[in-house]
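This report refers to the structure that appears directly beneath it.
The analysis underlying the following values was restricted to heavy atoms, covering all of them including side chains, and did not include hydrogens, waters or symmetry mates. The sequence lines fix the lettering, A, B, ..., with proteins before strands; numbering per chain opens at 1.
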2 protein chains.
Amino acid sequence: MYGFVIRDAFSSPHPLHQFLTTQNVDTLSIQAILCNPHQQVSADTIRLLPSLSIIVTTSTGTDHIDLSECSRCGVQVVTVGGGQFAEDVADMAVGLLINVLWKISAADQHVRNRGPSRSWSFSLGCKLGGKRVGIVGLGRIGGEVAKRLEAFDCKIMYHSRNRRPNVLYPFYSDVVELASNSDVLVLCCPLNEQTRHIINREVMLALGKTGVLVNVGRGALIDEKELVRCLMEGEISGAGLDVFENEPNVPKEFTALDNVVLSPHAGSLTLECFTDGCELVARSLEAFFSSKLPSTAVVDD
Amino acid sequence: MYGFVIRDAFSSPHPLHQFLTTQNVDTLSIQAILCNPHQQVSADTIRLLPSLSIIVTTSTGTDHIDLSECSRCGVQVVTVGGGQFAEDVADMAVGLLINVLWKISAADQHVRNRGPSRSWSFSLGCKLGGKRVGIVGLGRIGGEVAKRLEAFDCKIMYHSRNRRPNVLYPFYSDVVELASNSDVLVLCCPLNEQTRHIINREVMLALGKTGVLVNVGRGALIDEKELVRCLMEGEISGAGLDVFENEPNVPKEFTALDNVVLSPHAGSLTLECFTDGCELVARSLEAFFSSKLPSTAVVDD
(Lines give C-alpha, C1' and ligand atoms only; values in the text may rest on other atoms or scores of the structure.)
Protein backbone atom coordinates (compact mmCIF):
# COMPACT_ATOMS: atom_id res chain seq x y z
CA MET A 1 0.00 0.00 0.00
CA TYR A 2 2.75 2.44 0.94
CA GLY A 3 5.20 1.08 -1.62
CA PHE A 4 7.88 0.46 0.97
CA VAL A 5 8.88 -2.03 3.63
CA ILE A 6 9.67 -0.82 7.14
CA ARG A 7 12.42 -2.19 9.39
CA ASP A 8 11.63 -1.02 12.93
CA ALA A 9 14.89 0.03 14.56
CA PHE A 10 13.04 1.98 17.27
CA SER A 11 11.71 -1.15 18.95
CA SER A 12 15.23 -2.58 19.05
CA PRO A 13 17.30 -2.11 22.21
CA HIS A 14 20.33 -1.35 20.02
CA PRO A 15 21.45 2.05 18.71
CA LEU A 16 20.85 2.52 14.98
CA HIS A 17 24.33 1.61 13.77
CA GLN A 18 24.42 -1.57 15.85
CA PHE A 19 20.90 -2.47 14.75
CA LEU A 20 21.94 -2.21 11.12
CA THR A 21 25.10 -4.26 11.52
CA THR A 22 23.91 -7.02 13.86
CA GLN A 23 20.19 -7.57 13.28
CA ASN A 24 20.30 -9.25 9.89
CA VAL A 25 19.22 -6.10 8.04
CA ASP A 26 19.81 -5.93 4.28
CA THR A 27 21.80 -2.69 4.40
CA LEU A 28 22.10 -2.56 0.63
CA SER A 29 18.34 -2.12 0.19
CA ILE A 30 17.76 0.75 2.63
CA GLN A 31 16.81 3.99 0.92
CA ALA A 32 15.34 6.06 3.77
CA ILE A 33 15.82 6.65 7.48
CA LEU A 34 13.14 8.05 9.74
CA CYS A 35 14.63 9.23 13.05
CA ASN A 36 14.09 11.53 16.01
CA PRO A 37 16.65 13.85 17.64
CA HIS A 38 17.59 11.22 20.22
CA GLN A 39 19.21 8.95 17.60
CA GLN A 40 22.59 9.63 16.08
CA VAL A 41 22.87 9.15 12.34
CA SER A 42 26.66 9.10 12.04
CA ALA A 43 28.91 9.22 9.00
CA ASP A 44 29.63 5.49 9.58
CA THR A 45 25.91 4.70 9.44
CA ILE A 46 25.45 6.70 6.27
CA ARG A 47 28.41 4.99 4.60
CA LEU A 48 26.92 1.61 5.56
CA LEU A 49 23.87 2.29 3.37
CA PRO A 50 24.85 2.80 -0.27
CA SER A 51 21.22 3.12 -1.42
CA LEU A 52 20.33 5.77 1.21
CA SER A 53 18.74 8.81 -0.43
CA ILE A 54 16.63 10.49 2.25
CA ILE A 55 16.65 11.02 6.02
CA VAL A 56 13.43 12.32 7.58
CA THR A 57 13.75 13.61 11.15
CA THR A 58 10.81 14.40 13.40
CA SER A 59 12.59 17.52 14.66
CA THR A 60 13.57 21.02 13.68
CA GLY A 61 17.24 20.49 14.61
CA THR A 62 19.60 18.30 12.59
CA ASP A 63 22.55 18.17 14.97
CA HIS A 64 22.10 14.40 15.42
CA ILE A 65 22.71 13.85 11.70
CA ASP A 66 26.12 14.07 10.05
CA LEU A 67 25.15 16.70 7.48
CA SER A 68 28.53 16.89 5.75
CA GLU A 69 28.45 13.15 5.08
CA CYS A 70 24.87 13.53 3.79
CA SER A 71 26.01 16.28 1.48
CA ARG A 72 29.00 14.22 0.29
CA CYS A 73 26.78 11.20 -0.44
CA GLY A 74 23.88 13.17 -1.91
CA VAL A 75 21.47 12.20 0.88
CA GLN A 76 18.52 14.55 1.25
CA VAL A 77 17.59 15.56 4.84
CA VAL A 78 13.98 16.49 5.59
CA THR A 79 12.97 18.06 8.90
CA VAL A 80 9.36 18.27 9.98
CA GLY A 81 9.95 21.35 12.09
CA GLY A 82 7.95 24.31 10.92
CA GLY A 83 5.88 27.15 12.22
CA GLN A 84 3.75 24.94 14.39
CA PHE A 85 6.74 23.42 16.17
CA ALA A 86 8.04 26.93 16.79
CA GLU A 87 4.81 28.02 18.50
CA ASP A 88 4.78 25.00 20.77
CA VAL A 89 8.43 25.36 21.73
CA ALA A 90 7.87 29.07 22.43
CA ASP A 91 4.90 28.18 24.66
CA MET A 92 7.16 25.78 26.55
CA ALA A 93 9.83 28.50 26.93
CA VAL A 94 7.32 30.93 28.47
CA GLY A 95 5.86 28.17 30.66
CA LEU A 96 9.31 27.25 31.96
CA LEU A 97 10.19 30.91 32.56
CA ILE A 98 7.05 31.65 34.63
CA ASN A 99 7.54 28.35 36.43
CA VAL A 100 11.10 29.28 37.47
CA LEU A 101 10.25 32.89 38.42
CA TRP A 102 7.24 31.82 40.50
CA LYS A 103 8.69 28.50 41.67
CA ILE A 104 5.44 26.83 40.58
CA SER A 105 6.73 23.25 40.52
CA ALA A 106 8.54 23.62 43.85
CA ALA A 107 5.39 25.15 45.39
CA ASP A 108 3.25 22.35 43.94
CA GLN A 109 5.50 19.82 45.68
CA HIS A 110 5.33 21.87 48.90
CA VAL A 111 1.53 21.84 48.87
CA ARG A 112 1.43 18.09 48.12
CA ASN A 113 3.99 17.05 50.72
CA ARG A 114 3.18 19.27 53.71
CA GLY A 115 -0.01 17.35 54.55
CA PRO A 116 -3.47 18.51 53.50
CA SER A 117 -4.28 20.87 56.38
CA ARG A 118 -0.88 22.14 57.54
CA SER A 119 -0.16 25.81 56.99
CA TRP A 120 1.88 26.64 53.94
CA SER A 121 5.06 28.59 53.71
CA PHE A 122 5.45 31.05 50.89
CA SER A 123 8.43 31.97 48.85
CA LEU A 124 7.98 35.21 46.98
CA GLY A 125 7.85 34.97 43.22
CA CYS A 126 9.68 37.29 40.91
CA LYS A 127 7.75 39.62 38.61
CA LEU A 128 7.85 38.93 34.85
CA GLY A 129 6.67 42.37 33.69
CA GLY A 130 9.53 44.75 32.95
CA LYS A 131 12.14 41.97 32.81
CA ARG A 132 14.88 42.40 30.19
CA VAL A 133 14.82 39.21 28.14
CA GLY A 134 17.78 38.36 25.92
CA ILE A 135 16.88 35.88 23.20
CA VAL A 136 19.80 33.89 21.80
CA GLY A 137 18.78 33.00 18.26
CA LEU A 138 15.92 35.07 16.86
CA GLY A 139 14.68 32.53 14.32
CA ARG A 140 11.13 31.20 14.18
CA ILE A 141 11.12 29.97 17.77
CA GLY A 142 12.88 33.07 19.12
CA GLY A 143 10.43 35.29 17.25
CA GLU A 144 7.46 33.47 18.77
CA VAL A 145 9.01 33.76 22.25
CA ALA A 146 9.49 37.52 21.72
CA LYS A 147 5.89 37.97 20.56
CA ARG A 148 4.56 36.20 23.66
CA LEU A 149 6.82 37.98 26.17
CA GLU A 150 5.98 41.40 24.74
CA ALA A 151 2.42 40.77 25.95
CA PHE A 152 3.88 40.39 29.47
CA ASP A 153 5.57 43.81 29.07
CA CYS A 154 9.07 42.33 28.92
CA LYS A 155 11.86 44.22 27.17
CA ILE A 156 13.19 42.09 24.34
CA MET A 157 16.77 42.11 23.03
CA TYR A 158 18.67 39.46 21.08
CA HIS A 159 21.85 37.91 19.83
CA SER A 160 22.21 36.03 16.57
CA ARG A 161 24.88 35.47 13.95
CA ASN A 162 23.82 38.65 12.17
CA ARG A 163 21.58 41.59 12.94
CA ARG A 164 18.17 40.76 11.50
CA PRO A 165 16.73 43.25 9.01
CA ASN A 166 13.42 44.89 9.96
CA VAL A 167 13.74 43.84 13.61
CA LEU A 168 13.63 46.72 16.08
CA TYR A 169 14.75 44.85 19.21
CA PRO A 170 18.26 45.86 20.39
CA PHE A 171 20.91 43.57 18.84
CA TYR A 172 24.05 42.38 20.64
CA SER A 173 26.79 40.79 18.57
CA ASP A 174 28.43 39.65 21.81
CA VAL A 175 26.61 37.15 24.07
CA VAL A 176 28.42 38.31 27.23
CA GLU A 177 27.24 41.85 26.57
CA LEU A 178 23.68 40.59 25.96
CA ALA A 179 23.80 38.64 29.25
CA SER A 180 25.05 41.60 31.27
CA ASN A 181 22.10 43.66 29.96
CA SER A 182 19.50 40.90 30.54
CA ASP A 183 17.52 39.53 33.49
CA VAL A 184 16.61 36.41 31.55
CA LEU A 185 18.30 34.55 28.68
CA VAL A 186 16.17 32.30 26.46
CA LEU A 187 18.15 29.94 24.20
CA CYS A 188 16.45 29.19 20.89
CA CYS A 189 19.33 28.79 18.43
CA PRO A 190 20.40 25.64 16.59
CA LEU A 191 23.39 23.67 17.86
CA ASN A 192 26.50 23.78 15.69
CA GLU A 193 30.20 24.27 16.18
CA GLN A 194 29.73 28.04 16.58
CA THR A 195 27.02 27.70 19.22
CA ARG A 196 28.29 24.70 21.25
CA HIS A 197 28.78 25.97 24.84
CA ILE A 198 27.84 29.49 23.74
CA ILE A 199 26.60 29.84 27.34
CA ASN A 200 29.77 29.36 29.34
CA ARG A 201 30.75 30.47 32.84
CA GLU A 202 31.59 33.99 31.68
CA VAL A 203 28.12 34.45 30.19
CA MET A 204 26.44 33.14 33.35
CA LEU A 205 28.46 35.45 35.58
CA ALA A 206 27.46 38.34 33.30
CA LEU A 207 23.79 37.31 33.63
CA GLY A 208 24.28 37.56 37.38
CA LYS A 209 22.87 36.38 40.69
CA THR A 210 19.26 37.31 39.93
CA GLY A 211 19.44 36.03 36.35
CA VAL A 212 17.44 33.14 34.90
CA LEU A 213 18.35 30.84 31.99
CA VAL A 214 15.75 29.06 29.84
CA ASN A 215 16.91 26.50 27.28
CA VAL A 216 14.53 25.14 24.65
CA GLY A 217 17.24 24.82 21.98
CA ARG A 218 19.75 22.03 22.52
CA GLY A 219 21.45 20.95 25.73
CA ALA A 220 25.00 21.51 24.49
CA LEU A 221 24.34 25.22 23.92
CA ILE A 222 25.19 25.44 27.64
CA ASP A 223 28.33 24.19 29.34
CA GLU A 224 26.25 21.98 31.62
CA LYS A 225 28.99 21.35 34.20
CA GLU A 226 29.36 25.11 34.67
CA LEU A 227 25.58 25.53 34.83
CA VAL A 228 25.46 23.04 37.71
CA ARG A 229 28.23 24.97 39.50
CA CYS A 230 26.61 28.37 38.90
CA LEU A 231 23.21 27.16 40.15
CA MET A 232 24.68 25.51 43.23
CA GLU A 233 26.85 28.53 44.06
CA GLY A 234 24.04 31.01 43.46
CA GLU A 235 25.90 32.72 40.61
CA ILE A 236 22.60 32.66 38.71
CA SER A 237 19.15 32.48 40.24
CA GLY A 238 17.47 29.66 38.35
CA ALA A 239 17.02 27.70 35.14
CA GLY A 240 14.22 26.14 33.12
CA LEU A 241 15.58 23.33 30.97
CA ASP A 242 13.77 21.34 28.30
CA VAL A 243 17.04 19.98 26.88
CA PHE A 244 20.26 18.53 28.31
CA GLU A 245 23.76 17.94 27.07
CA ASN A 246 23.65 14.12 27.16
CA GLU A 247 19.97 13.20 26.94
CA PRO A 248 18.39 11.30 28.55
CA ASN A 249 21.14 11.75 31.15
CA VAL A 250 20.43 14.63 33.51
CA PRO A 251 23.17 15.69 35.96
CA LYS A 252 22.14 14.25 39.31
CA GLU A 253 22.96 17.57 41.02
CA PHE A 254 19.94 19.12 39.22
CA THR A 255 17.51 16.76 40.92
CA ALA A 256 18.43 18.15 44.35
CA LEU A 257 17.92 21.79 43.35
CA ASP A 258 14.57 23.54 43.62
CA ASN A 259 15.64 26.51 41.48
CA VAL A 260 15.60 24.44 38.29
CA VAL A 261 12.64 23.08 36.36
CA LEU A 262 13.46 19.93 34.40
CA SER A 263 11.46 18.97 31.31
CA PRO A 264 12.15 15.83 29.24
CA HIS A 265 12.71 17.49 25.84
CA ALA A 266 8.97 17.83 25.46
CA GLY A 267 8.83 21.28 23.84
CA SER A 268 7.37 20.13 20.56
CA LEU A 269 5.54 17.09 21.86
CA THR A 270 1.96 18.26 21.67
CA LEU A 271 -0.70 15.89 20.48
CA GLU A 272 -1.50 18.26 17.63
CA CYS A 273 2.12 18.61 16.59
CA PHE A 274 2.67 14.87 16.82
CA THR A 275 -0.30 14.20 14.54
CA ASP A 276 0.80 16.86 12.07
CA GLY A 277 4.37 15.55 12.26
CA CYS A 278 3.22 12.00 11.50
CA GLU A 279 1.31 13.22 8.47
CA LEU A 280 4.29 15.21 7.25
CA VAL A 281 6.57 12.20 7.70
CA ALA A 282 4.13 9.97 5.85
CA ARG A 283 3.79 12.49 3.02
CA SER A 284 7.56 12.90 2.74
CA LEU A 285 8.17 9.17 2.56
CA GLU A 286 5.26 8.57 0.17
CA ALA A 287 6.44 11.34 -2.13
CA PHE A 288 9.92 9.90 -2.09
CA PHE A 289 8.87 6.31 -2.74
CA SER A 290 6.02 7.06 -5.14
CA SER A 291 8.53 7.48 -7.95
CA LYS A 292 10.48 4.35 -6.97
CA LEU A 293 10.12 0.60 -6.84
CA PRO A 294 9.12 -0.98 -3.50
CA SER A 295 12.08 -0.67 -1.16
CA THR A 296 13.07 -0.39 2.49
CA ALA A 297 12.95 2.40 5.08
CA VAL A 298 14.48 2.22 8.54
CA VAL A 299 12.22 3.63 11.19
CA ASP A 300 14.24 4.74 14.18
CA ASP A 301 11.57 6.73 15.95
CA MET B 1 7.48 58.08 65.09
CA TYR B 2 4.51 56.59 63.27
CA GLY B 3 1.97 58.04 65.64
CA PHE B 4 0.46 54.67 66.49
CA VAL B 5 1.11 51.59 68.63
CA ILE B 6 1.01 48.15 67.03
CA ARG B 7 -0.43 45.02 68.63
CA ASP B 8 0.93 42.05 66.66
CA ALA B 9 -1.90 39.56 66.23
CA PHE B 10 -0.09 37.82 63.38
CA SER B 11 2.60 36.37 65.67
CA SER B 12 -0.11 35.00 67.94
CA PRO B 13 -1.25 31.38 67.47
CA HIS B 14 -4.85 32.53 67.95
CA PRO B 15 -7.30 33.71 65.28
CA LEU B 16 -7.96 37.45 65.36
CA HIS B 17 -11.18 37.37 67.37
CA GLN B 18 -9.69 35.08 70.02
CA PHE B 19 -6.52 37.19 70.15
CA LEU B 20 -8.58 40.30 70.84
CA THR B 21 -10.71 38.69 73.54
CA THR B 22 -8.09 36.63 75.40
CA GLN B 23 -4.70 38.34 75.07
CA ASN B 24 -5.26 41.32 77.31
CA VAL B 25 -5.79 43.70 74.39
CA ASP B 26 -7.42 47.06 75.09
CA THR B 27 -10.20 46.62 72.54
CA LEU B 28 -11.60 50.08 73.19
CA SER B 29 -8.44 51.75 71.84
CA ILE B 30 -8.11 49.91 68.53
CA GLN B 31 -8.75 52.13 65.53
CA ALA B 32 -7.26 50.14 62.65
CA ILE B 33 -6.81 46.54 61.51
CA LEU B 34 -4.17 45.42 59.04
CA CYS B 35 -4.97 41.95 57.69
CA ASN B 36 -4.36 39.56 54.80
CA PRO B 37 -6.95 37.43 52.97
CA HIS B 38 -6.25 34.44 55.23
CA GLN B 39 -7.74 36.16 58.30
CA GLN B 40 -11.45 36.51 58.85
CA VAL B 41 -12.63 39.91 60.09
CA SER B 42 -16.11 38.94 61.21
CA ALA B 43 -19.06 41.10 62.29
CA ASP B 44 -18.36 39.95 65.88
CA THR B 45 -14.81 41.22 65.67
CA ILE B 46 -15.90 44.55 64.25
CA ARG B 47 -18.54 44.98 66.97
CA LEU B 48 -15.84 44.23 69.56
CA LEU B 49 -13.92 47.37 68.53
CA PRO B 50 -16.01 50.51 69.00
CA SER B 51 -13.14 52.82 67.95
CA LEU B 52 -12.40 50.88 64.72
CA SER B 53 -12.37 53.24 61.72
CA ILE B 54 -10.22 51.56 59.07
CA ILE B 55 -9.33 48.06 57.85
CA VAL B 56 -6.37 47.77 55.48
CA THR B 57 -6.06 44.44 53.67
CA THR B 58 -3.00 43.36 51.68
CA SER B 59 -5.22 41.89 48.98
CA THR B 60 -7.49 42.83 46.12
CA GLY B 61 -10.39 40.74 47.42
CA THR B 62 -12.42 41.65 50.51
CA ASP B 63 -14.40 38.43 50.96
CA HIS B 64 -12.67 37.77 54.32
CA ILE B 65 -14.11 41.02 55.73
CA ASP B 66 -17.74 41.47 56.73
CA LEU B 67 -18.42 44.44 54.47
CA SER B 68 -22.02 45.02 55.53
CA GLU B 69 -20.96 45.30 59.19
CA CYS B 70 -18.20 47.73 58.09
CA SER B 71 -20.74 49.78 56.23
CA ARG B 72 -23.14 49.73 59.20
CA CYS B 73 -20.40 50.86 61.60
CA GLY B 74 -18.80 53.39 59.25
CA VAL B 75 -15.53 51.44 59.00
CA GLN B 76 -13.47 52.28 55.91
CA VAL B 77 -11.93 49.29 54.03
CA VAL B 78 -8.74 49.87 52.04
CA THR B 79 -7.37 47.24 49.65
CA VAL B 80 -3.87 47.42 48.26
CA GLY B 81 -4.78 45.52 45.09
CA GLY B 82 -4.21 47.57 41.96
CA GLY B 83 -2.86 47.29 38.45
CA GLN B 84 0.38 45.68 39.55
CA PHE B 85 -1.39 42.91 41.45
CA ALA B 86 -3.48 42.26 38.36
CA GLU B 87 -0.43 41.75 36.15
CA ASP B 88 1.18 39.33 38.58
CA VAL B 89 -1.99 37.31 39.05
CA ALA B 90 -2.44 37.18 35.26
CA ASP B 91 1.14 35.91 34.87
CA MET B 92 0.35 33.20 37.40
CA ALA B 93 -2.82 32.25 35.50
CA VAL B 94 -0.89 31.81 32.24
CA GLY B 95 1.91 29.95 34.05
CA LEU B 96 -0.59 27.53 35.60
CA LEU B 97 -2.37 27.03 32.27
CA ILE B 98 0.81 26.15 30.34
CA ASN B 99 1.89 23.99 33.27
CA VAL B 100 -1.35 21.97 33.17
CA LEU B 101 -1.46 21.68 29.36
CA TRP B 102 2.17 20.56 29.16
CA LYS B 103 2.23 18.68 32.48
CA ILE B 104 5.43 20.59 33.36
CA SER B 105 5.36 19.90 37.11
CA ALA B 106 4.51 16.22 36.64
CA ALA B 107 7.31 15.91 34.05
CA ASP B 108 9.74 17.70 36.37
CA GLN B 109 8.97 15.11 39.05
CA HIS B 110 9.35 12.31 36.50
CA VAL B 111 12.81 13.53 35.48
CA ARG B 112 13.88 13.93 39.12
CA ASN B 113 12.57 10.57 40.33
CA ARG B 114 13.40 8.21 37.46
CA GLY B 115 17.15 8.24 38.24
CA PRO B 116 19.62 10.41 36.38
CA SER B 117 20.42 8.17 33.41
CA ARG B 118 17.22 6.15 32.95
CA SER B 119 15.28 6.77 29.76
CA TRP B 120 12.34 9.10 30.10
CA SER B 121 8.78 8.48 29.16
CA PHE B 122 6.85 11.24 27.47
CA SER B 123 3.31 12.31 27.80
CA LEU B 124 2.18 14.53 24.99
CA GLY B 125 1.36 18.11 25.85
CA CYS B 126 -1.66 19.92 24.59
CA LYS B 127 -1.28 22.91 22.29
CA LEU B 128 -2.17 26.36 23.65
CA GLY B 129 -2.47 28.16 20.30
CA GLY B 130 -6.03 28.18 18.98
CA LYS B 131 -7.57 27.21 22.32
CA ARG B 132 -10.90 28.86 23.14
CA VAL B 133 -10.40 30.52 26.52
CA GLY B 134 -13.43 31.60 28.52
CA ILE B 135 -12.58 34.22 31.13
CA VAL B 136 -14.98 34.43 34.07
CA GLY B 137 -14.74 38.02 35.28
CA LEU B 138 -13.18 40.44 32.80
CA GLY B 139 -11.93 42.99 35.33
CA ARG B 140 -8.33 44.12 35.63
CA ILE B 141 -6.96 40.62 36.13
CA GLY B 142 -9.17 39.08 33.45
CA GLY B 143 -8.15 41.82 31.02
CA GLU B 144 -4.46 41.16 31.65
CA VAL B 145 -5.02 37.41 31.16
CA ALA B 146 -6.77 38.11 27.84
CA LYS B 147 -3.96 40.38 26.64
CA ARG B 148 -1.35 37.71 27.38
CA LEU B 149 -3.28 34.80 25.87
CA GLU B 150 -3.99 36.72 22.67
CA ALA B 151 -0.22 36.64 22.08
CA PHE B 152 -0.47 32.83 22.18
CA ASP B 153 -3.20 32.98 19.49
CA CYS B 154 -5.95 31.89 21.88
CA LYS B 155 -9.56 32.81 21.15
CA ILE B 156 -10.86 34.87 24.05
CA MET B 157 -14.49 34.99 25.25
CA TYR B 158 -15.91 35.98 28.61
CA HIS B 159 -18.66 36.01 31.20
CA SER B 160 -19.28 38.81 33.65
CA ARG B 161 -22.26 40.38 35.39
CA ASN B 162 -22.78 42.68 32.43
CA ARG B 163 -21.47 42.93 28.89
CA ARG B 164 -18.49 45.30 28.99
CA PRO B 165 -18.66 48.32 26.71
CA ASN B 166 -15.91 48.63 24.09
CA VAL B 167 -14.86 44.98 24.50
CA LEU B 168 -15.00 42.95 21.31
CA TYR B 169 -14.57 39.47 22.79
CA PRO B 170 -17.75 37.35 22.60
CA PHE B 171 -19.85 37.76 25.77
CA TYR B 172 -21.85 34.96 27.41
CA SER B 173 -24.39 35.91 30.05
CA ASP B 174 -24.64 32.22 30.97
CA VAL B 175 -21.58 30.43 32.42
CA VAL B 176 -22.72 26.98 31.24
CA GLU B 177 -22.95 28.31 27.70
CA LEU B 178 -19.49 29.89 28.03
CA ALA B 179 -18.08 26.58 29.31
CA SER B 180 -19.59 24.55 26.49
CA ASN B 181 -17.94 26.91 23.99
CA SER B 182 -14.54 26.92 25.77
CA ASP B 183 -11.51 24.63 25.97
CA VAL B 184 -10.23 26.48 29.03
CA LEU B 185 -11.96 28.46 31.78
CA VAL B 186 -9.91 31.03 33.72
CA LEU B 187 -11.57 32.32 36.90
CA CYS B 188 -10.71 35.93 37.76
CA CYS B 189 -13.86 37.30 39.37
CA PRO B 190 -14.35 38.39 42.99
CA LEU B 191 -16.10 36.06 45.42
CA ASN B 192 -19.54 37.13 46.56
CA GLU B 193 -22.94 35.52 47.02
CA GLN B 194 -23.59 35.67 43.25
CA THR B 195 -20.31 34.01 42.34
CA ARG B 196 -19.96 31.41 45.13
CA HIS B 197 -19.84 27.98 43.43
CA ILE B 198 -20.37 29.63 40.05
CA ILE B 199 -18.36 26.67 38.72
CA ASN B 200 -20.55 23.73 39.67
CA ARG B 201 -20.82 20.22 38.25
CA GLU B 202 -23.03 21.38 35.37
CA VAL B 203 -20.41 23.92 34.26
CA MET B 204 -17.62 21.36 34.48
CA LEU B 205 -19.58 18.81 32.43
CA ALA B 206 -20.19 21.56 29.85
CA LEU B 207 -16.45 22.31 29.77
CA GLY B 208 -15.94 18.65 28.99
CA LYS B 209 -13.40 15.87 29.10
CA THR B 210 -10.61 17.80 27.36
CA GLY B 211 -11.35 21.00 29.27
CA VAL B 212 -9.02 22.74 31.71
CA LEU B 213 -9.91 24.99 34.68
CA VAL B 214 -7.58 27.68 36.03
CA ASN B 215 -8.53 29.48 39.25
CA VAL B 216 -6.65 32.60 40.37
CA GLY B 217 -9.75 34.23 41.91
CA ARG B 218 -11.00 32.67 45.14
CA GLY B 219 -11.33 28.99 46.01
CA ALA B 220 -15.07 29.10 46.68
CA LEU B 221 -15.79 30.18 43.10
CA ILE B 222 -15.62 26.42 42.45
CA ASP B 223 -17.62 23.72 44.16
CA GLU B 224 -14.40 22.01 45.26
CA LYS B 225 -15.98 18.65 46.13
CA GLU B 226 -17.38 18.45 42.61
CA LEU B 227 -14.04 19.52 41.15
CA VAL B 228 -12.36 16.61 42.94
CA ARG B 229 -14.98 14.22 41.53
CA CYS B 230 -14.76 15.62 38.00
CA LEU B 231 -10.94 15.41 37.98
CA MET B 232 -10.92 11.87 39.38
CA GLU B 233 -13.62 10.70 36.97
CA GLY B 234 -12.00 12.37 33.97
CA GLU B 235 -15.02 14.63 33.40
CA ILE B 236 -12.53 17.46 32.88
CA SER B 237 -8.91 17.09 31.83
CA GLY B 238 -7.01 19.15 34.38
CA ALA B 239 -6.85 22.15 36.69
CA GLY B 240 -4.36 24.79 37.77
CA LEU B 241 -5.31 26.14 41.20
CA ASP B 242 -3.78 29.04 43.07
CA VAL B 243 -6.71 29.19 45.51
CA PHE B 244 -8.78 26.71 47.50
CA GLU B 245 -12.12 26.72 49.25
CA ASN B 246 -10.78 26.33 52.81
CA GLU B 247 -7.21 27.61 52.72
CA PRO B 248 -4.75 26.43 53.79
CA ASN B 249 -6.66 23.14 53.63
CA VAL B 250 -6.30 21.40 50.28
CA PRO B 251 -8.43 18.33 49.59
CA LYS B 252 -6.13 15.35 50.04
CA GLU B 253 -7.45 13.79 46.83
CA PHE B 254 -5.69 16.56 44.85
CA THR B 255 -2.29 15.52 46.11
CA ALA B 256 -2.60 12.12 44.44
CA LEU B 257 -3.58 13.56 41.03
CA ASP B 258 -1.01 14.53 38.42
CA ASN B 259 -3.50 16.47 36.28
CA VAL B 260 -3.67 19.32 38.81
CA VAL B 261 -1.09 21.96 39.63
CA LEU B 262 -1.38 23.25 43.20
CA SER B 263 -0.10 26.71 44.13
CA PRO B 264 -0.32 28.16 47.68
CA HIS B 265 -2.29 31.36 46.88
CA ALA B 266 0.91 32.93 45.61
CA GLY B 267 -0.48 34.81 42.61
CA SER B 268 0.30 38.27 43.91
CA LEU B 269 3.27 37.35 46.05
CA THR B 270 6.11 38.77 44.01
CA LEU B 271 8.93 40.50 45.78
CA GLU B 272 8.15 43.69 43.86
CA CYS B 273 4.45 43.54 44.69
CA PHE B 274 5.17 42.77 48.34
CA THR B 275 7.45 45.82 48.62
CA ASP B 276 4.93 48.05 46.88
CA GLY B 277 2.15 46.60 49.06
CA CYS B 278 4.08 47.33 52.25
CA GLU B 279 4.61 50.93 51.16
CA LEU B 280 0.94 51.32 50.34
CA VAL B 281 -0.07 49.84 53.70
CA ALA B 282 2.33 52.17 55.53
CA ARG B 283 1.05 55.20 53.58
CA SER B 284 -2.59 54.26 54.27
CA LEU B 285 -2.02 53.87 58.00
CA GLU B 286 0.12 57.03 58.24
CA ALA B 287 -2.45 59.09 56.37
CA PHE B 288 -5.16 57.76 58.66
CA PHE B 289 -3.28 58.37 61.89
CA SER B 290 -1.61 61.64 60.90
CA SER B 291 -4.83 63.49 61.72
CA LYS B 292 -5.36 61.66 64.99
CA LEU B 293 -3.86 61.29 68.44
CA PRO B 294 -1.49 58.34 69.06
CA SER B 295 -3.61 55.22 69.10
CA THR B 296 -3.55 51.47 68.40
CA ALA B 297 -3.57 49.36 65.26
CA VAL B 298 -3.92 45.57 65.17
CA VAL B 299 -1.56 43.93 62.73
CA ASP B 300 -2.92 40.57 61.68
CA ASP B 301 -0.61 39.93 58.74
Side chain, backbone, both or neither: which part of [X] has a heavy atom under 4.5 Å from chain B?
X      : value
A:D91  : both
A:L262 : both
A:L149 : neither

Any side-chain heavy-atom pair from [X] and [Y] closer than 4.5 angstrom?
X      : Y      : value
A:D153 : B:K147 : yes
B:S105 : A:N99  : yes
B:V111 : A:H265 : no

Taking all heavy atoms of B:V94 and all of A:F152, pick out the closest pair and write down the distance.
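Smallest interatomic distance, heavy atoms only, reads CG1-CZ, 3.7 Å.
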
Find the distance between [atom1] ([X]) and [atom2] ([Y]) and round it off to the nearest 0.5 Å.
X      : Y      : atom1 : atom2 : result
A:I104 : B:D108 : CD1   : CG    : 11.5 Å
A:R148 : B:L128 : CZ    : CG    : 7.5 Å
B:T255 : A:R114 : OG1   : CZ    : 9.5 Å

So, does A:R112 use its side chain to make a donor-acceptor pair with the main chain of B:L257 at under 3.5 Å?
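Yes: the side chain of A:R112 pairs with the backbone of B:L257.
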
In terms of heavy-atom pairs under 4.5 Å, which option from B:G95, B:A151, B:A106 contacts chain A the most?
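Sorted descending by pairs with chain A, the first entry is B:A151.
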
